[in-house]
J.: 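Below is one structure. I have some questions about it.
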Number of protein chains: 2
Amino acid sequence: MKVCSRDVARAAGVSPATVSLVMNGRTHIALSESTRARVRDAAERLGYRPNQVARNLLTGRTRTLGLLLPSLASSFVARIADGVQREAGDRDQHVLLAHTRRDPAFEQRQIEMLLQHQVEGLVIVASEETLPSLESRLDVLEQAGVPCVVIDDHTHVDRVDCVVSDDRQGAEAAVAHLIHAGHRRIAHWGAGDATSSARDRLGGYRTALRRARIPFSASLVLGDSFRSAPAPEVVRQWLARRNPPTALFAANDRHLAECLPVFRDLRIRIPEDLALVGYANYDFAAYLDLTSVDQDPTALGKAATRRLLDRIASPRMKPSRMDLPTRLVVRGSSTVVPIPVPAPCPAP
Amino acid sequence: MKVCSRDVARAAGVSPATVSLVMNGRTHIALSESTRARVRDAAERLGYRPNQVARNLLTGRTRTLGLLLPSLASSFVARIADGVQREAGDRDQHVLLAHTRRDPAFEQRQIEMLLQHQVEGLVIVASEETLPSLESRLDVLEQAGVPCVVIDDHTHVDRVDCVVSDDRQGAEAAVAHLIHAGHRRIAHWGAGDATSSARDRLGGYRTALRRARIPFSASLVLGDSFRSAPAPEVVRQWLARRNPPTALFAANDRHLAECLPVFRDLRIRIPEDLALVGYANYDFAAYLDLTSVDQDPTALGKAATRRLLDRIASPRMKPSRMDLPTRLVVRGSSTVVPIPVPAPCPAP
DNA sequence: TTGTATGCGTTATCAT
DNA sequence: ATGATAACGCATACAA
């Protein structure tokens, strides 16, 4: 059934070694054009396909990268994965997929699996749930001599390459934009302090305030996680305070999207009563006319993959952190000036 | 550097064969508890990790499935991929990722790559761009003896397993819903006839009309592709006709989302002047309060993977088509009855 | 210019 | 209960 190089060799009247030479296009070895043609012909005729598994075993190289992510159900993660795959494809690498299910125990087994498959490097997309155990995962990888790059968190830059969005800059631009529009009481719905993104977005928020000489007030900061928005009841109570904010900078578009109905219920007009700026620029942000900080997840994936391949090539480099620029996309939720043309919609 | 079974064997004072027996937990072979412990100990101490590549070569099995998709940038595709990965993980299979970039030539190379890696089956997520060449891809796979399952198109059910959403039923439910709300002039923005989904959605539309004894009018049907919405100008002209539709059933939520600004410009009120129903139930559909037909892409991925593994287990089964049920999610874009509670937002 | 021999790390078969 | 050996399919060094 399965045809191997020996079969081709027999059919072409040559030895398996010759078949190998022909198939791998080793040009610096002289081969008569006639043999070459005979071999190619036989291979074609028999439908010969070199067995990568055998090749990998022999050469000790797999040209395969592991991609470990929390879940492809998140479109942000999926777009990172798209970037990884594009770059890997361009550099002639293969991608073995693994997910953590946001469960540290499952993650550990998946890493084990990837290592057994002899991946030559690992792209890890960080998540809130598995961040606490990341350090011990790095131990395992270091032990195994398999380099890796972490996307979307730089907590461990001291020992591993990190590729992140420049969240301080992004958050600062967002809040500066609100300040520029005249706001002084600006709230922040953050995501706690477990992830560097959450910390950096809070940091950028504070920097922007400081630059404008607006005092920071802890009572204007809310939120513990990227994955759960404030409950409607909390929002209600929070906005019913004596001195409510006139603007809101959220660490995630989704938080805003989920709260829009609550705002409507409360007769809070956007942006007149409350200006909104979100983060990530999900495609629904355009549809909802939400101002947002765009992150380019595809670029994150590509950059991380490039970095990983560079490190595989030269393992001794010092771990570095790469901050990809963000871009504030101003829409109707933060400015009363009408947008002349409907925002262009990203390709699906 | 890399520790192999021979190293463990030496350290434990046994032979490599014994190490293999211990590591694979072959219980039906008697092994003294003391050797077992010695081996486990040595393996632990040395950080031994069995080499899957070698194992695969020897056993001729890889327990690896190829996942071929157009691009992870589409959240629909990504959620299918999530389902594939979940099911594969549950059934102890690995996933090698490949994308077509919506380019038939690139797709061909990727399939070649997957076959060389000895994947035992292939999950193919169909796309408009690569559908024309699918048939010849199936030839290659059949030749290679590698089974596959196609998700999201059933054009080739006669020779390959297909897993799709029940689009006729979904479309029919959507249009019946509009008819039930009193509409008689219902337009359809479709996606041409290249894909079975587009044809089926049109079919369901026609069925619902027929059931209600509403004559079909070709002038109410527009659209050629899932990936490009009607341009704003086209929408304008189309709605400026003498006898405009009072309701619109679109084959894709995105088409609706992109046209909402146009409707607003034209002072067309939703749903009073024009009721809208979309398809796919993207997360933005909830935020935009769009009625939509939910497809559960994760279930598509899971079902396809199950089917593929079944076929690998028993290759002689007749190819089958599996239609997963859809579910109409009624929201404010198609009914004037206010929704009492804000639509729950899907987890990100 | 081409063929032969060897080994990659593992497991299955047989022998002890 | 454990060890020796062969084989999986291929690429490389070296011989011819």
Side-chain angles (χ1 to χ4, degrees), chain A residues 1-40 42-43 46-64 113 115-120 144-145, chain B residues 1-40 42-43 46-64 113 115-120 144-145:
Chain A
M1 178 82 223
K2 195 139 266 173
V3 34
C4 69
S5 67
R6 219 185 18 254
D7 302 324
V8 178
R10 242 195 310 262
V14 298
S15 79
T18 308
V19 174
S20 169
L21 290 180
V22 173
M23 295 308 287
N24 294 333
R26 286 260 153 283
T27 51
H28 66 270
I29 302 252
L31 272 182
S32 80
E33 196 45 60
S34 79
T35 347
R36 189 161 286 181
R38 261 202 343 275
V39 170
R40 257 202 262 280
L46 300 180
Y48 170 63
R49 223 176 317 264
N51 184 329
Q52 271 295 342
V53 175
R55 191 180 256 168
N56 288 346
L57 177 60
L58 182 62
T59 62
R61 299 217 42 208
T62 59
R63 280 132 101 34
T64 300
M113 178 276 280
L115 291 177
Q116 295 192 4
H117 275 267
Q118 312 297 111
V119 295
E120 296 180 355
Chain B
M1 180 79 222
K2 196 137 267 177
V3 33
C4 69
S5 67
R6 220 184 18 255
D7 302 324
V8 178
R10 243 196 308 262
V14 297
S15 80
T18 308
V19 174
S20 170
L21 290 181
V22 173
M23 294 308 285
N24 293 334
R26 286 262 152 285
T27 49
H28 66 270
I29 301 253
L31 271 182
S32 80
E33 197 44 60
S34 80
T35 5
R36 187 161 289 180
R38 260 200 345 274
V39 170
R40 257 202 261 280
L46 299 179
Y48 170 62
R49 223 175 319 261
N51 185 330
Q52 272 293 346
V53 175
R55 187 179 265 169
N56 289 346
L57 176 60
L58 182 62
T59 62
R61 300 217 40 207
T62 58
R63 301 196 309 142
T64 300
M113 179 276 279
L115 291 178
Q116 294 192 5
H117 275 270
Q118 313 296 112
V119 296
E120 295 179 356

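To find a chain, count down the sequence lines: A is the first, B the second, and so on, and within it residues start at 1. Given the structure is predicted, the values throughout are model-derived calculations rather than measurements.
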J.: To the nearest angstrom, how far is B:R6 atom CZ from D:dG3 atom C1'?
T.: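 Whole-Å distance recorded here is 15 Å.
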J.: Remember a base hit wins even if backbone is also touched, and classify A:P50 as base, sugar-phosphate or nothing at under 4.0 Å, heavy atoms.
T.: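 If one applies the 4.0 Å heavy-atom cut-off, A:P50 turns out to touch the sugar-phosphate alone, with no base involved.
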J.: Nearest to the side chain of A:L58 - D:dT12, D:dG9, D:dA4?
T.: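 Looking only at side-chain atoms, A:L58 lies closest to D:dG9.
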J.: Got a sec, which residues hit side-chain hydrogen bond (donor to acceptor under 3.5 Å, both in side chains) with A:T18, two or more places apart in sequence or on another chain?
T.: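 A:S15.
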J.: CE of B:M23 versus C1' of C:dT10: gap in Å, rounded?
T.: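 Between C1' of C:dT10 and CE of B:M23: 12 Å.
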J.: Please confirm whether the shortest side-chain N or O distance from A:T35 to OP1 or OP2 of C:dT2 is below 4.0 Å.
T.: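 The answer is yes; a side-chain N or O of A:T35 sits under 4.0 Å from OP1 or OP2.
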J.: When the nearest nucleotide of DNA chain D is assigned to B:V14 and to B:T59 on a heavy-atom basis, which residue is associated with the more 5' position?
T.: B:V14
J.: Across the strands shown, which category fits B:V53 at heavy-atom distances under 4.0 angstrom: base, sugar-phosphate, nothing?
T.: nothing
J.: Before you tell me yes or no, could you show the steps for A:H117 and B:T64 under side-chain contact (heavy atoms from CB on, under 4.5 Å), namely the whole-Å CA-CA distance, both residues' side-chain angles and the distance that decides it to 0.1 Å?
T.: CA-CA 11 Å; A:H117 275 267; B:T64 300; 4.2 Å; yes
J.: Among D:dC8, D:dA11, D:dC10, which is the nearest nucleotide to the side chain of B:L57?
T.: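 Nearest nucleotide to the side chain: D:dC8.
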J.: Which nucleotide in the list C:dT10, D:dT2, D:dT12 gets nearest to the side chain of B:Y48?
T.: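 Within the option list, the nearest is C:dT10.
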J.: When you measure from the side-chain N and O atoms of B:S15 to the phosphate of D:dA4, is any distance below 4.0 Å, counting only OP1 and OP2?
T.: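 B:S15 to D:dA4 OP1/OP2: no side-chain N or O under 4.0 Å.
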J.: Mind running side-chain contact (heavy atoms from CB on, under 4.5 Å) on B:R55 and B:N24 for me, showing each step along the way?
T.: CA-CA 11 Å; B:R55 187 179 265 169; B:N24 293 334; 2.9 Å; yes
J.: In whole angstrom, give the distance that lies between atom CD of A:E33 and atom P of C:dT1.
T.: 11 Å
J.: Closer than 4.0 Å, any side-chain N/O of B:S5 to the OP1 or OP2 of C:dT10?
T.: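 The answer is yes; a side-chain N or O of B:S5 sits under 4.0 Å from OP1 or OP2.
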J.: Can you measure B:R55 atom CZ to C:dA12 atom P for me and round it to whole angstrom units?
T.: 9 Å
J.: Measure the distance from CG on B:L21 to P on C:dT13 and round it to the nearest whole Å.
T.: 12 Å
J.: Decide side-chain contact (heavy atoms from CB on, under 4.5 Å) for A:V22 and A:R40; before the verdict, give the C-alpha distance in whole Å, the side-chain angles of both, and the deciding distance to 0.1 Å.
T.: CA-CA 7 Å; A:V22 173; A:R40 257 202 262 280; 4.3 Å; yes
J.: State which of D:dA11, C:dT11, C:dG9 makes the closest approach to the side chain of B:C4.
T.: C:dG9
J.: Applying side-chain contact (heavy atoms from CB on, under 4.5 Å) to A:N51 and B:Q118, what does each step give before you reach the verdict?
T.: CA-CA 7 Å; A:N51 184 329; B:Q118 313 296 112; 3.6 Å; yes
J.: Just the rounded figure in Å: distance from C1' of C:dG7 to CZ of A:R61.
T.: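 Distance check: A:R61 CZ to C:dG7 C1' gives 19 Å.
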J.: How long is the line joining CG of B:N56 and P of D:dC8, in whole Å?
T.: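 The distance from CG of B:N56 to P of D:dC8 comes to 16 Å, rounded to the nearest Å.
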J.: Starting at atom CG of A:N24, determine the distance to atom P of D:dG9, rounded to an integer number of angstrom.
T.: 17 Å
